[in-house]
Amino acid sequence: GFDLTNRDDVYATSSEYSVLRNLNINGNSVLQNAVYLKGTKIIQNCTIQNAINGIRIGGFINQTIIEKCGIVANSTGILVDGVSNTIFKVTECNIRTNTIGVKIEDDAGGNFEQCVIESNSTQGLLISVPVAGSVQNQKFYNCWFENNGFTSLAAQVRIQGADASPDIAFITFDYCTFDTGSN
């Protein structure tokens with residue numbers, strides 16, 4: 001896989017401004033993270049498949065763009081779990097046939113635009129905030145959710161927080177379509 005990370009306490013380091021384009025990354029059911037991002041990155045026209053986490057968005061993300069990618073057959077298609085993420089955009093991506101399409105645990109400003117989140121077996125989108133965690137300012141614009149969540153305890157979209165003071169605010173769905181799915 002590709003580990004494009006920086007230190008957890010700074011934005012600008014040598015791994016800033018990295019670009020992955022036109023790649024097929026196959027985790028062969030072994031890789032923990034097919035692509036692990038921290039800092040400012042561009043991922044374009046890639047197919048990312050068969051990993052535990054297709055794309056893991058770690059801490060201190062600022063102006064990262066994931067565009068026109070196929071993120072398929074992973075345990076989690078996109079995992080957002082880092083601290084101090086400020087702005088990232090996932091656009092025109094096909095997030096399909098993962099166990100969980102998109103899982104957000106900690107973030108403060110992600111945008112998903114014109115994405116297809118389809119045929120993920122448990123959840124299309126899972127926002128699961130731990131104790132004292134925070135997920136805010138998430139926007140889903142013109143996204144298509146279909147055929148997600150056909151197992152027990154499954155859902156197209158599930159938003160949940162730990163019992164002790166999670167911070168969940170400003171989750172916006174604009175012009176999205178929710179087609180066949182469970183719960």
Side-chain angles (χ1 to χ4, degrees), residues 1-6 8 15 18-39 41-61 64-83 85 88-107 110 112-130 133 135 138 140 143-160 162 179-183:
F2 290 86
D3 186 345
L4 305 174
T5 60
N6 56 5
D8 283 339
S15 71
S18 303
V19 177
L20 296 179
R21 284 194 180 108
N22 304 318
L23 296 173
N24 181 0
I25 303 167
N26 188 332
N28 201 25
S29 300
V30 174
L31 283 179
Q32 179 68 32
N33 302 299
V35 179
Y36 187 15
L37 306 174
K38 290 184 179 179
K41 310 293 184 277
I42 297 175
I43 311 297
Q44 292 177 317
N45 302 321
C46 292
T47 299
I48 299 164
Q49 59 190 345
N50 298 318
I52 306 302
N53 300 307
I55 296 176
R56 181 176 176 192
I57 298 175
F60 293 90
I61 292 294
T64 287
I65 298 171
I66 300 167
E67 179 178 51
K68 296 181 181 172
C69 292
I71 304 162
V72 298
N74 302 287
S75 291
T76 301
I78 296 176
L79 171 62
V80 182
D81 69 344
V83 298
N85 291 331
F88 71 88
K89 181 164 81 170
V90 179
T91 183
E92 299 177 62
C93 290
N94 193 356
I95 305 165
R96 305 183 67 178
T97 64
N98 303 286
T99 303
I100 299 170
V102 176
K103 182 177 183 182
I104 302 172
E105 295 178 344
D106 197 353
D107 188 46
F112 289 78
E113 299 178 5
Q114 296 179 299
C115 292
V116 173
I117 301 172
E118 179 180 5
S119 300
N120 299 288
S121 61
T122 58
Q123 278 91 23
L125 167 63
L126 172 61
I127 296 175
S128 182
V129 185
V135 172
Q138 299 298 302
F140 295 84
C143 291
W144 180 274
F145 293 83
E146 181 179 14
N147 290 331
N148 295 298
F150 284 102
T151 63
S152 64
L153 301 174
Q156 289 269 32
V157 173
R158 180 181 301 268
I159 300 173
Q160 63 189 21
D179 206 339
T180 306
S182 142
N183 298 324

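- In terms of modelled atom types and a separation under 3.5 Å, the side chain of K103 and the main chain of I100 share no donor-acceptor contact.
- For the pair D106/V129, no side-chain contact is recorded, criterion being any heavy-atom separation below 4.5 Å from C-beta on.
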Candidate pair N28 and N50, rule side chain to side chain donor-acceptor pair (under 3.5 Å), full reasoning: CA-CA 5 Å; N28 201 25; N50 298 318; over 6 Å; no
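- Counting heavy atoms from C-beta on, the side chains of I95 and V102 come closer than 4.5 Å.
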Side chain to side chain donor-acceptor pair (under 3.5 Å) evaluation trace for S128 with Q160: CA-CA 5 Å; S128 182; Q160 63 189 21; 3.2 Å; yes
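- With hydrogens and angles disregarded, a donor-acceptor distance shorter than 3.5 Å links the side chain of N74 to the backbone of V72.
- Within the 4.5 Å cutoff, no side-chain heavy atoms of E67 are placed close to those of I42.
- When side chains are defined from C-beta on, Y36 does not count as touching I57, because their heavy atoms never get closer than 4.5 Å.
- Residues I65 and I43 have side chains not in contact (no heavy-atom distance under 4.5 Å, counting atoms from C-beta outward).
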N148 vs Q123, side chain to side chain donor-acceptor pair (under 3.5 Å): CA-CA, chis, key distance, verdict: CA-CA 6 Å; N148 295 298; Q123 278 91 23; over 6 Å; no
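- Shown here for S75 and I52, the closest heavy-atom pair between the two residues is CB-O, 3.1 Å.
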Set out, in order, the CA-CA distance, both residues' side-chain angles and the distance that settles side-chain contact (heavy atoms from CB on, under 4.5 Å) for K38 and L4, then state yes or no. CA-CA 6 Å; K38 290 184 179 179; L4 305 174; over 6 Å; no
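- Without hydrogens or angle criteria, T47 side chain to G70 main chain gives no donor-acceptor distance under 3.5 Å.
- At a threshold of 4.5 Å between non-hydrogen side-chain atoms, the residues L37 and I61 count as touching.
- Of the candidates E118, R96, Q156, N147 forms a side-chain contact (heavy atoms from CB on, under 4.5 Å) with just one, namely E118.
- In terms of modelled atom types and a separation under 3.5 Å, the side chain of N53 and the main chain of I78 share no donor-acceptor contact.
- Aromatic ring pairs are classed by plane angle as parallel below 30°, tilted from 30° to 60° and perpendicular above 60°; the pair F140 and F112 is parallel.
- The two residues C46 and N22 come nearest to each other via the heavy atoms SG-N, 3.9 Å.
- The closest side-chain heavy-atom distance from N26 to L31 is not below 4.5 Å.
- Nearest heavy-atom pair, I71 versus G77, reported as atom, atom and distance to 0.1 Å: CG2-O, 3.3 Å.
- Although no hydrogens or angles enter the test, the distance criterion places no donor-acceptor pair under 3.5 Å between the side chain of N45 and the main chain of C69.
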Decide yes or no on side-chain contact (heavy atoms from CB on, under 4.5 Å) for L125 and I104, but give the supporting numbers first. CA-CA 8 Å; L125 167 63; I104 302 172; 4.2 Å; yes
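- For the pair I25 and A34, the tightest heavy-atom approach, listed with the atom from each and the gap, is CG2-CB, 3.8 Å.
- Here the shortest heavy-atom pairing between G58 and D81 reads CA-OD1, 4.1 Å.
- Proximity of a side-chain donor or acceptor of D107 to a complementary backbone N or O of V135 within less than 3.5 Å is not detected.
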Evaluate side-chain contact (heavy atoms from CB on, under 4.5 Å) for E92 paired with E113, printing each intermediate quantity in order. CA-CA 6 Å; E92 299 177 62; E113 299 178 5; over 6 Å; no
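- Looking only at side-chain heavy atoms (C-beta outward), F88 and I66 stay at 4.5 Å or farther from each other.
- Put simply, the side chain of T64 gets close to the backbone of G39: a donor and an acceptor are under 3.5 Å apart.
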